[in-house]
There are 2 protein chains.
Amino acid sequence: MFSKACEYGIRAAVYVALQSLEGRRVSVIEIAEEIDSPIAFTAKILQQLSKNDIINSVKGPTGGFEIEREDMDAVKLSKIVKAIDGDNIYVGCGLGLRECNADKPCPLHDKFVDIRTDLRTMLQNTSLFELATGLEVGLTYLKR
Amino acid sequence: MFSKACEYGIRAAVYVALQSLEGRRVSVIEIAEEIDSPIAFTAKILQQLSKNDIINSVKGPTGGFEIEREDMDAVKLSKIVKAIDGDNIYVGCGLGLRECNADKPCPLHDKFVDIRTDLRTMLQNTSLFELATGLEVGLTYLKR
DNA sequence: TCAATAAAGGACATTTTTGTCCGAATTATA
DNA sequence: TATAATTCGGACAAAAATGTCCTTTATTGA
Ligand code: FES
Ligand code: FES
């Protein structure tokens with residue numbers, strides 16, 4: 001569904017959000033540890049998130065990654081997915097035709113569009129804050 | 001969503017079904033031409049479909065690929081997707097945790113499971129015949 | 001000012017996916 | 001039986017995704 005990079009990206013962003021709620025700024029090393037992902041690869045992804053204004057980064061001692069409380073509401077999963085995987089999952093044809101086009105639809109079009117729309121809607125309506133709170137309460141997990 | 005191999009596989013299977021409805025057996029070359037896919041790669045995928053009893057293959061002159069009328073109803077998209085991409089899309093965790101587990105869910109679990117279930121249901125309920133008929137009537141396309 | 005810390009960024013390595021090529025096996029038909 | 005058409009199967013090649021390493025840059029605090 002999502003690329004590995006995107007999965008790590010979402011998990012990392014949720015972890016950063018959770019820690020920011022606690023007032024903590026976190027390092028790549030800690031993030032990778034807590035979401036069980038490869039450190040250097042995670043660092044690349046965090047750079048992407050930072051460039052796309054999804055999280056903030058601070059260099060130097062006491063530096064690390066954080067996200068402001070308002071941004072946790074504003075940043076929806078759709079933004080992260082789009083930043084890392086692009087928007088093919090939102091607009092692309094399920095059978096891989098160059099583009100999805102209702103005027104010349106692929107055989108799966110009608111059925112696929114429903115699913116795709118539900119997915120998009122879900123991602124557009126789900127904020128980092130929402131995901132972080134489940135973690136905070138101990139109901140959900142970022143690794144096992 | 002699906003791998004390239006899977007996209008080609010579905011398009012190929014639908015084309016074979018359509019032609020079988022017309023009583024024609026089709027070659028790899030024709031299939032690749034009609035679904036706009038790389039010939040040799042498509043050949044590999046057709047082998048997979050054949051091994052998984054999704055379509056029949058016949059060697060030698062007048063040979064090619066075909067599918068029986070009853071099988072067009074029996075073969076659902078879920079079977080093709082599973083044969084080529086495996087079942088991760090049906091049962092895997094949306095955030096990439098080793099396995100989806102409602103007892104220790106990832107933050108996206110509840111929302112993701114709904115989408116995943118809809119997708120699975122759609123694929124399990126959609127037969128090759130159904131997809132081929134739209135093509136037959138000229139309402140849908142396998143290439144553009 | 002200097003040393004230590006942390007992200008940024010570029011180059012490189014590995015693995016997976018996608019795609020190609022070619023000879024072997026099978027089979028219809030002349 | 002010989003030939004040609006076709007899939008099968010293995011080896012190879014290219015591209016993309018995933019992952020690593022190391023140097024540079026910024027910043028803190030002693
Ligand atoms: S044309 Fe294929 S999903 Fe719309
Ligand atoms: S645990 Fe992640 S989707 Fe179920």
Side-chain angles (χ1 to χ4, degrees), chain A residues 1-13 15-16 19-20 24-33 35-67 81 83-86 88-89 92 95-96, chain B residues 1-13 15-16 19-20 24-33 35-67 81 83-86 88-89 92 95-96:
Chain A
M1 181 77 77
F2 306 123
S3 68
K4 276 288 162 202
C6 193
E7 292 173 352
Y8 296 151
I10 295 173
R11 279 157 49 199
Y15 182 73
V16 170
Q19 293 304 315
S20 288
R24 298 186 60 237
R25 198 180 273 165
V26 287
S27 70
V28 183
I29 294 178
E30 176 179 339
I31 294 170
E33 164 67 24
I35 71 172
D36 193 22
S37 65
I39 297 181
F41 192 44
T42 304
K44 295 293 188 201
I45 297 161
L46 287 165
Q47 277 181 47
Q48 280 189 269
L49 295 181
S50 174
K51 279 195 205 163
N52 284 275
D53 301 311
I54 289 164
I55 58 178
N56 302 121
S57 76
V58 179
K59 282 184 176 179
T62 79
F65 297 90
E66 65 190 0
I67 177 172
V81 172
I84 299 178
D85 280 353
N88 192 63
I89 200 163
L95 294 190
Chain B
M1 182 77 75
F2 305 123
S3 69
K4 276 290 161 199
C6 192
E7 292 173 353
Y8 296 150
I10 295 174
R11 287 175 17 216
Y15 182 73
V16 170
Q19 293 304 314
S20 289
R24 298 186 61 236
R25 196 180 275 165
V26 288
S27 70
V28 183
I29 295 178
E30 176 179 340
I31 294 170
E33 164 67 23
I35 71 173
D36 193 22
S37 65
I39 297 180
F41 192 43
T42 304
K44 294 294 188 200
I45 297 162
L46 287 165
Q47 276 182 49
Q48 280 190 268
L49 295 181
S50 174
K51 278 194 205 164
N52 283 276
D53 301 310
I54 289 163
I55 58 178
N56 301 121
S57 74
V58 179
K59 284 183 175 180
T62 79
F65 297 90
E66 66 190 0
I67 177 172
V81 173
I84 300 178
D85 281 352
N88 192 63
I89 200 164
L95 294 190

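FYI, side chains are in, hydrogens and waters are out, and symmetry mates aren't considered; it's all heavy atoms of this structure. Proteins come first, then strands; the chains are lettered A, B, ... in the order of their sequence lines, and each starts at number 1.
For the pair B/S50 and D/dC8, the criterion of a side-chain N or O lying under 4.0 Å from OP1 or OP2 is met. Within the 4.0 Å cut-off from OP1 or OP2 of C/dA8, at least one side-chain nitrogen or oxygen of A/S57 is found. Not one side-chain nitrogen or oxygen of A/Y8 sits closer than 4.0 Å to the OP1 or OP2 atom of D/dT18.
For A/E33 and C/dA6, the CD to P distance is 15 Å, given to the nearest whole Å. Between the CD atom of B/Q48 and the C1' atom of D/dG9 there is a distance of 13 Å, rounded to whole Å. In this entry the distance linking CZ of B/F65 with P of D/dA5 reads 17 Å, nearest Å. When the P atom of D/dT7 is taken as reference, atom CD1 of B/I39 falls 11 Å away, rounded to whole Å. Atom CD1 of B/I29 and atom C1' of D/dA5 are 10 Å apart (whole Å). Following rounding to the nearest Å, A/I31 (CD1) and C/dA6 (C1') show an atom-to-atom distance of 12 Å. Distance, A/L49 CG to C/dG9 P: 14 Å, rounded to whole Å. Distance NZ (A/K4) to P (D/dT18): 8 Å, rounded to an integer number of Å.
Residue A/Q47 is the one, among B/A5 and A/Q47, whose nearest nucleotide of DNA chain C lies closer to the 5' end (criterion: closest heavy atom). Along DNA chain C, the nucleotide closest to A/A43 and the one closest to B/P38 are compared, and the more 5′ of them pairs with A/A43. In terms of position on DNA chain D, the residue among A/G60 and A/F41 whose nearest nucleotide sits closer to the 5' end is A/F41.
Within the 4.5 Å cutoff, the side chain of B/Q48 has no heavy atoms near those of the B/I54 side chain.
In terms of heavy atoms, B/E7 sits closest to B/F2 at OE2-O, 3.7 Å.
When each of D/dT20, C/dT27, C/dT5 is scored by its nearest atom to the side-chain atoms of B/P61, the top-ranked nucleotide is C/dT27. Nearest to the side chain of B/K59, among D/dC21, D/dT18, D/dT7, sits D/dT7. Residue A/S27 places its side chain closer to C/dA6 than to any other of C/dA6, C/dT20, D/dT7.
Annotation: the span from B/Y15 atom OH to B/I35 atom CD1 amounts to 10.0 Å, rounded to 0.5 Å. Taking OG of B/S57 as the reference point, atom CD of B/Q47 lies at 8.5 Å (rounded to 0.5 Å).
Judged by atom type and distance alone, B/K44 reaches the base of D/dG10 through a side-chain donor-acceptor pair under 3.5 Å.
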Quiz item: Passes side chain to side chain contact (heavy atoms under 4.5 Å, CB included), B/L49 versus B/L46? Steps please.
Solution: CA-CA 5 Å; B/L49 295 181; B/L46 287 165; 4.3 Å; yes

